[in-house]
Amino acid sequence: MYDLIVIGGGPAGLTATVYAIRKRLNVLLLSKDLGGKTNYHLALPWIEDYQVIKGLEVVNKFRTELEYLDFARHIESVEKVEKNADHFKVTTKGKTTLEAKSVIIATGARQVRMDVPGEKQYTMKGLCYSALSYAPIFIDKSVIVIGEEDLALRSAGELATVAKEVTLVCANAKMMDSPLGKKLVAAKNVKVLSDCQVAEVKGDDYARTLVVKDSKGKLNEFHADGIFVEKALTPNTGMVKRLVDLDDQDRIIVDCACRTNVPGLFAAGDVTNGYAEQVLIAVGDGAKAALSAYDYLLPQL
Ligand SMILES: Cc1cc2nc3c(=O)[nH]c(=O)nc-3n(C[C@H](O)[C@H](O)[C@H](O)COP(=O)(O)OP(=O)(O)OC[C@H]3O[C@@H](n4cnc5c(N)ncnc54)[C@H](O)[C@@H]3O)c2cc1C
């Protein structure tokens, strides 16, 4: 029986695992990959690496450590986590069952795809999913934001403070009625398109053009230096949905020490209801979750 199983090898899970190793816990990291979403970077001809806060130094250090310590990691998808009396049963896709006294869920959240021609080809080549990370560098650029929820509004709002021109596509009337929505409607550098559908992404080496179908079925082309798809993320919580309290967006509810409502079960990073999806926040969460798990385990060590 492990002291701790960490599920998910992104910034949160890598950090939690290395913290647990330092605390001399008998820990296993189970993940589909190492690095998680830090394996994706937006490529644009005019972006310099230093302009974006990536937080990769610490993530890459922990990842190298885990690549070396092969006994502490196993690359496989997890299907289910159950609690039996005082311990947890973790079942992998290959139907292996592992037992642990405590578990940290760090499985992140996935982007919602548009499923239109050109999306796959241009993903991370001018077409991106994290305005939160990249908006500040769009000074004097033209940019398109796609989305019908608050996240898109917020992203368009931030981009409008620096960009030459922002086109918000698929906005719904309700969100445009909020204070930020009204500000955007009145802004000279913002164009809002409602009642429309994205039809295609086009470009050369990078995404350059968004093809949008209006309510009458007419196709219109919009050109930009960058395109952001800003739709709410889907948390990877399927494996624990009957075990732990989730919020209305299916994110795991945690307290400020990354504890869930289930004793011995912790969560960290984008999979939780914590504020903002950023690498450094996930790293901090991973550290907190591991230290909380250690406190939980201490009477049994
Ligand atoms: C395109 C893009 C660019 C970004 N750029 C930046 C940036 O420049 N700076 C910044 O601070 N943030 C950036 N972010 C946000 C940042 O990447 C995330 O906030 C961060 O990676 C979250 O870390 P995490 O460990 O919580 O989740 P993730 O990085 O998503 O890692 C989740 C891990 O869980 C694993 N997993 C999922 N399901 C299972 C399962 N069933 N079984 C086993 N393993 C599973 C995955 O394989 C992965 O290893 C960006 C995000 C995107 C999408």
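By convention here, the first residue in the shown sequence is residue 1. When a ligand or atom number is given, it counts from 1 through the structure's own listing order.
When non-hydrogen atoms are compared, ligand 1 lies under 4.0 Å from the side chain of Ala282 (C-beta onward) but not from its backbone. When heavy-atom distances to ligand 1 are checked against a 4.0 Å cut-off, Ile53 comes that close only through its backbone atoms N, CA, C and O. Counting heavy atoms closer than 4.0 Å to ligand 1, residue Glu79 contributes nothing at all.
Taking any N or O of Pro11, backbone or side chain, at least one lies under 3.5 Å from an N or O belonging to ligand 1. Where the criterion is an N or O separation shorter than 3.5 Å, residue side chain and backbone included, Gly9 meets it with respect to ligand 1. At a 3.5 angstrom cut-off on N or O pairs, Val279 counts as close to ligand 1. Checking only distances, Val78 does come within under 3.5 Å of ligand 1, N or O to N or O. Checking only distances, Gln278 does come within under 3.5 Å of ligand 1, N or O to N or O. Any N or O atom pair closer than 3.5 Å counts here, and Tyr129 shares no such pair with ligand 1. Considering backbone and side-chain N/O atoms, Val271 never comes within less than 3.5 Å of an N/O atom of ligand 1.
Taking all atoms of both residues into account, the shortest heavy-atom contact from Lys182 to Asp177 is CE-O, 3.4 Å. Nearest heavy atoms, Leu127 versus Tyr122: CB-O, 3.2 Å. The shortest heavy-atom contact between Ile227 and Ala207 is CD1-CB, 4.1 Å. Shortest non-hydrogen contact noted between Ala276 and Leu132 is CB-CD2, 4.2 Å. Shown here for Met124 and His41, the closest heavy-atom pair between the two residues is CE-C, 3.1 Å.
Checked options Lys32, Lys93, Lys95; the residue passing with Glu79 is Lys95 (criterion: salt bridge (charged side-chain N to carboxylate O under 4.0 Å, His left out)).
Checking side-chain atoms of Lys231 against main-chain N and O of Met114 turns up no donor-acceptor pair under 3.5 Å. In this structure a side-chain-to-backbone donor-acceptor pair under 3.5 Å is missing from Asp3 to Val27. Under the 3.5 Å distance criterion, the side-chain polar atoms of Thr237 are matched with a main-chain donor or acceptor of Asp250.
Numbered from 1 in the order shown, with element, the atoms of ligand 1 that lie under 4.0 Å from a heavy atom of Gln111 read 53 (C). Heavy-atom contacts of Met239 reach the following atoms of ligand 1: 40 (C), 41 (N) (cutoff under 4.0 Å). Counting the atoms of ligand 1 from 1 in the order shown, those under 4.0 Å from a heavy atom of Gly108 are 27 (O), 30 (O), 32 (C). Of all atoms in ligand 1, numbered sequentially from 1 with element shown, those under 4.0 Å from a heavy atom of Gly36 are 29 (O), 31 (O), 48 (C), 49 (O). Residue-ligand proximity, Val52 to ligand 1, at heavy-atom distances under 4.0 Å covers atoms 8 (O). Under a 4.0 Å criterion applied to the non-hydrogen atoms of Glu76, ligand 1 contributes the atoms 43 (C). Ligand-side atoms of ligand 1 in range of Ser77: 40 (C), 41 (N), 42 (N), 43 (C), range being under 4.0 angstrom from any heavy atom. Residue Ala12 approaches ligand 1 through these ligand atoms, each under 4.0 Å from one of its heavy atoms: 25 (O), 26 (O).
Judged by the shortest distance from any of its heavy atoms, Gly55 lies outside the 4.0 Å radius around the atoms of ligand 1. Judged by the shortest distance from any of its heavy atoms, Arg110 lies outside the 4.0 Å radius around the atoms of ligand 1. Within the structure, the closest approach of Met124 to ligand 1 falls below 4.0 Å when heavy atoms are considered.
Scanning all protein heavy atoms for the shortest distance to atom 15 (C) of ligand 1 gives Glu277 O, 3.7 Å. Here the heavy atom of the protein found nearest to atom 39 (C) of ligand 1 is Lys32 CE, 3.5 Å. The protein heavy-atom contact nearest to atom 18 (C) of ligand 1 is Asp270 OD2, 3.3 Å. The protein atom (non-hydrogen) at minimum distance from atom 47 (O) of ligand 1 is Asp33 OD1, 3.2 Å. Nearest protein heavy-atom contact of atom 51 (C) of ligand 1 is Ser130 CB, 3.9 Å. Nearest to atom 37 (C) of ligand 1 among the protein's heavy atoms is Thr107 O, 3.3 Å. Atom 13 (C) of ligand 1 has Ser133 OG, 3.2 Å as its closest protein atom, hydrogens excluded (heavy atom only). Regarding atom 29 (O) of ligand 1, its nearest protein heavy-atom neighbour is Lys37 N, 2.9 Å.
Every residue meeting the side-chain contact (heavy atoms from CB on, under 4.5 Å) condition with Tyr206, not counting sequence neighbours, appears here in chain and number order: Ala43, Pro45, Lys125, Asp204, Arg208. By the salt bridge (Lys or Arg N to Asp or Glu O under 4.0 Å) test, Glu158 is found to be paired with Arg154, residues two or more places apart in sequence or in another chain being considered.
Looking at heavy atoms from C-beta onward, Leu210 lies out of side-chain contact with Thr167 at the 4.5 angstrom threshold. You'll find the side chain of Leu34 reaches within 4.5 Å of the side chain of Ile75, heavy atoms only. The shortest distance between side-chain heavy atoms of Pro11 and Thr38 falls below 4.5 Å.
Once rounded to the nearest 0.5 Å, the distance linking CZ of Phe62 with OG1 of Thr17 reads 10.0 Å.
When only modelled atom types and interatomic distance are considered, Tyr129 and Arg113 share a side-chain donor-acceptor pair under 3.5 Å.
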Show the numbers, then the answer: is there a salt bridge (Lys or Arg N to Asp or Glu O under 4.0 Å) between Lys218 and Asp214? CA-CA 5 Å; Lys218 186 174 169 238; Asp214 69 18; 5.5 Å; no
